[in-house]
Peer 1: 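Below is the structure I would like to discuss, written out as C-alpha cells.
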2 protein chains.
Amino acid sequence: MPDLIHDGDSAAAVSSLRSAVMLLGRRLKHQRVDESLSPTEMSVLGTLARCGSATPGELARKEHVQPPSMTRIVALLEAKGLVRLEPHPDDRRQKMVSRTEQAEAMLAESRDKRNAWLADLAEGLDEEEWEKLRAAAPVLEKLAHL
Amino acid sequence: MPDLIHDGDSAAAVSSLRSAVMLLGRRLKHQRVDESLSPTEMSVLGTLARCGSATPGELARKEHVQPPSMTRIVALLEAKGLVRLEPHPDDRRQKMVSRTEQAEAMLAESRDKRNAWLADLAEGLDEEEWEKLRAAAPVLEKLAHL
DNA sequence: CGTAACTCATTAGCAATGCTAAATACCAAC
DNA sequence: GTTGGTATTTAGCATTGCTAATGAGTTACG
C-alpha cells in the first residue's frame with residue numbers, strides 16, 4: 001500500500017487539520033440550543049436519529065462511554081421526555097431506546113443553529129477557499145467515521 | 001457580497017462539515033499523551049506556548065473559563081512542574097504564569113501523538129480523498145480562527 | 001434438564017472539572 | 001484617605017465521567 005501521508009507536506013496538513021478540527025470542535029460545542037442538555041445527551045439523541053433505536057449498551061459503545069454512564073444519560077433523557085424505553089423483543093435483559101417527536105424537533109433546531117453559526121463563519125472565506133472546503137467535507141466525514 | 005453558502009449543496013456541505021468536525025474533535029480529544037493532564041490543562045499550556053506568559057485572569061478569558069477554575073488549573077499545573085509563577089512587575093494583585101521546559105516537551109509529544117493518530121486514520125483514505133483533504137486543511141484552519 | 005459462565009443493565013460510591021458567591025488583597029480616583 | 005473597582009483565591013455545589021459490585025437473563029455444555 002502506498003504510504004500516502006508520510007511526506008513533509010502531508011505531515012503539515014495533518015497537523016493543520018488536527019489543530020483546526022480541535023479548535024472548531026470546541027467552538028461548535030458551545031453553540032447549544034438548549035442549555036439544559038449536555039453535549040453527550042445531545043450526541044446520544046443524534047445517534048438515535050441516525051440509528052432509529054438502540055439498546056443502552058449499543059449507545060454506550062457508540063458514544064465511547066461506559067455502560068453505567070449511559071444508564072444515567074438515558075434516565076435523564078427519559079425524564080425530559082426526549083426518549084422512550086421499550087422492552088427488547090428477544091432479550092429481557094435489554095431495552096430499546098428510541099427518541100420522541102420532541103427530541104426530533106430539538107435536534108433539528110440544534111443542527112440548524114450550529115449550521116447557521118458555521119455558515120456565518122464561512123462567510124469570511126472567499127469563493128476558492130469555500131470550494132476546497134465543499135470538496136473536502138464528505139472526505140472529512142468519512143475520516144471521522146473510520 | 002455574493003452569498004456563497006446559501007444554496008442547497010453548500011447547506012449539505014456545512015452540515016457535513018459540522019458533524020465531521022464535532023466527531024473528529026471528540027475522538028482527537030481522547031488521544032492524550034499524559035493521562036494525568038486534563039484537556040483544559042493541555043489547552044492552557046498550549047496558550048502559554050503561543051503567548052509566552054499571561055496572568056491567570058487573561059488565561060481564564062482565553063480559555064473561556066471562570067477565574068476560580070483557572071486558579072485551580074494553574075495550581076495543579078504548578079504542582080506538576082509545568083508552569084512557573086512569578087510576581088507581576090506592576091501589580092501585586094496579579095501573577096505571571098509561564099510554562100517550564102518540561103511543559104514544552106510534553107506539548108510537543110502530545111502534538112506528535114495526535115498527529116500520528118490522525119495520520120493513521122488517514123491511511124484509510126484513497127489518494128484522491130487525501131488530496132482533497134490536504135487542499136482544505138489550511139482553509140479549515142483559517143475558518144477555525146475566524 | 002440443569003448448572004456454569006457469560007452478558008446487559010443498574011446501583012453505589014468516587015474523582016475530576018466546571019460553576020457561583022463570598023472573602024481577601026490590592027490599585028486608583030476623587 | 002476613603003471609596004469603589006479589579007485580580008485572585010477560598011468554599012461549597014452541580015455535573016458528568018469512571019470503576020466495582022449486584023441482579024436478572026441468556027447461552028452453552030455436560
Side-chain angles (χ1 to χ4, degrees), chain A residues 22 25-27 29-32 34-48 51 53-80 82-98, chain B residues 22 25-48 51 53-80 82-98:
Chain A
M22 292 185 72
R26 236 176 300 154
R27 294 182 66 184
K29 208 175 75 169
H30 286 307
Q31 304 300 317
R32 297 204 224 166
D34 183 343
E35 291 298 326
S36 74
L37 254 79
S38 75
T40 310
E41 287 174 309
M42 280 301 303
S43 183
V44 167
L45 291 181
T47 298
L48 284 176
C51 303
S53 68
T55 68
E58 285 168 352
L59 288 173
R61 280 188 294 275
K62 285 182 185 172
E63 300 295 324
H64 299 105
V65 150
Q66 295 304 306
S69 304
M70 191 50 68
T71 292
R72 181 171 41 191
I73 291 166
V74 167
L76 288 173
L77 287 175
E78 193 192 15
K80 290 172 188 162
L82 296 169
V83 303
R84 213 189 325 275
L85 285 158
E86 292 163 68
H88 194 284
D90 303 334
D91 187 338
R92 275 182 297 171
R93 290 171 305 180
Q94 305 184 59
K95 299 174 180 173
M96 293 308 297
V97 185
S98 57
Chain B
M22 292 184 72
R26 237 177 298 153
R27 295 182 65 185
L28 272 167
K29 208 177 76 170
H30 286 306
Q31 304 300 316
R32 301 203 222 166
V33 64
D34 183 342
E35 290 300 326
S36 73
L37 271 141
S38 74
T40 310
E41 287 174 307
M42 281 301 303
S43 183
V44 167
L45 291 181
T47 298
L48 285 176
C51 303
S53 68
T55 68
E58 285 168 351
L59 288 173
R61 280 188 293 276
K62 286 182 185 173
E63 299 296 325
H64 299 104
V65 151
Q66 295 304 307
S69 304
M70 191 51 68
T71 292
R72 179 170 44 190
I73 291 166
V74 167
L76 289 173
L77 287 174
E78 192 192 14
K80 289 171 189 163
L82 296 168
V83 303
R84 215 187 325 274
L85 284 159
E86 291 162 69
H88 194 285
D90 306 333
D91 186 339
R92 274 183 297 170
R93 289 171 303 178
Q94 304 183 59
K95 298 173 180 175
M96 294 306 297
V97 185
S98 56

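The sequence lines fix the lettering, A, B, ..., with proteins before strands; numbering per chain opens at 1.
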Peer 1: To the nearest Å, how far apart are His88(B) NE2 and dC26(C) P?
Peer 2: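 Going from NE2 in His88(B) over to P in dC26(C) covers 15 Å.
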Peer 1: Grab the NZ-P distance between Lys95(B) and dT24(C) for me, whole Å please.
Peer 2: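 Roughly 16 Å, once rounded to whole Å.
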Peer 1: With respect to the phosphate group of dA7(D), does any side-chain polar atom (N or O) of Thr55(B) fall under 4.0 Å of OP1 or OP2?
Peer 2: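 Checking dA7(D) against Thr55(B), no side-chain N or O comes under 4.0 Å of OP1 or OP2.
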Peer 1: Measure the spacing between CE of Met22(A) and CE of Met42(B) and express it to the nearest 0.5 Å.
Peer 2: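 CE of Met42(B) is found 8.0 Å from CE of Met22(A).
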Peer 1: Any donor-acceptor pair under 3.5 Å between the side chain of Arg93(A) and the base of dT7(C)?
Peer 2: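 Check passes, donor-acceptor contact within cut-off.
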Peer 1: Whole angstrom is fine here: how far is it from CG in Leu59(A) over to C1' in dG17(D)?
Peer 2: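 These atoms are roughly 17 Å apart.
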Peer 1: Between CD of Glu86(A) and NZ of Lys95(A), what distance do you get to the nearest 0.5 Å?
Peer 2: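 That separation rounds to 12.0 Å.
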Peer 1: Take the protein atom CG of Leu37(A) and the nucleotide atom C1' of dA14(D), then report the distance between them rounded to whole Å.
Peer 2: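 After rounding, the gap between these two atoms is 16 Å.
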Peer 1: Think Ser38(A) has a side-chain N or O under 4.0 angstrom from the OP1 or OP2 of dT16(D)?
Peer 2: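 Result: yes.
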Peer 1: Heavy-atom nearest nucleotide on DNA chain D for Glu41(A) versus Gln94(B): which residue maps closer to 5'?
Peer 2: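 Final value for this comparison: Gln94(B).
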Peer 1: So which of Thr55(A), Val44(A), Leu59(A), Thr47(A) actually passes side chain to side chain contact (heavy atoms under 4.5 Å, CB included) with Val97(A)?
Peer 2: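 Running side chain to side chain contact (heavy atoms under 4.5 Å, CB included) over Thr55(A), Val44(A), Leu59(A), Thr47(A) with Val97(A) returns exactly one hit, Leu59(A).
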Peer 1: For residues 66-76 of chain B, tabulate all N or O donor-acceptor pairs below 3.5 Å that involve a side-chain atom, not counting sequence neighbours.
Peer 2:
{"from": "Thr71(B)", "atom 1": "OG1", "to": "Pro67(B)", "atom 2": "O", "distance (Å)": "3.3"}

Peer 1: Quick one: pull up CG in Asp91(A) and CE in Met96(A) and give me the separation to the nearest 0.5 Å.
Peer 2: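 Separation between the atoms: 11.0 Å.
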Peer 1: In whole angstroms, how far is the P atom of dA9(C) from the CG atom of Asp90(A)?
Peer 2: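 It is 13 Å, rounded to the nearest whole Å.
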Peer 1: Hey, can you pull the residues of residues 61-79 of chain B with a non-hydrogen atom under 4.0 angstrom from DNA chain D?
Peer 2: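 Correct list: Pro67(B), Pro68(B), Thr71(B).
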Peer 1: Output the rounded distance in Å from CE (Met96(B)) to P (dT8(D)).
Peer 2: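 The answer, rounded to whole Å, is 10 Å.
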Peer 1: In Å, rounded to the nearest 0.5 Å, how long is the span from CG of Leu77(A) to CG of Leu45(A)?
Peer 2: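 Between Leu77(A) CG and Leu45(A) CG, I get 5.0 Å after rounding to 0.5 Å.
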Peer 1: Do the side-chain N or O atoms of Thr40(B) get closer than 4.0 angstrom to the phosphate oxygens (OP1, OP2) of dG18(C)?
Peer 2: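 So the side chain of Thr40(B) is within the cut-off, an N or O lying under 4.0 Å from OP1 or OP2 of dG18(C).
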Peer 1: Inspect the surroundings of NE2 in His64(B) and state if more than 12 heavy atoms from other residues, nucleotides or ligands are less than 6.0 Å away.
Peer 2: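 Open.
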Peer 1: Rounded to the Å, how far apart are Asp91(B) CG and dT24(C) P?
Peer 2: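 In whole Å, dT24(C) P and Asp91(B) CG are 19 Å from each other.
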Peer 1: Estimate the overall bend of the helix from dC1(C)-dG30(D) to dC30(C)-dG1(D) from the end axes over five pairs each, rounded to 10 degrees.
Peer 2: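 Between the axes fitted at each end of the helix from dC1(C)-dG30(D) to dC30(C)-dG1(D) lies an angle of 10°.
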Peer 1: Rounded to the nearest 0.5 Å, what separation is found between the CG atom of Asp34(A) and the NZ atom of Lys80(A)?
Peer 2: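 The NZ atom of Lys80(A) is 7.5 Å from CG of Asp34(A), to the nearest 0.5 Å.
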Peer 1: What distance separates Lys62(B) NZ from Cys51(B) SG, expressed to the nearest 0.5 Å?
Peer 2: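 Those atoms lie 3.0 Å apart.
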Peer 1: Answer yes or no: does a side-chain N or O of Arg92(A) lie under 4.0 Å from OP1 or OP2 of dA24(D)?
Peer 2: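 False: Arg92(A) side-chain N/O out of range (4.0 Å or more) of dA24(D) OP1/OP2.
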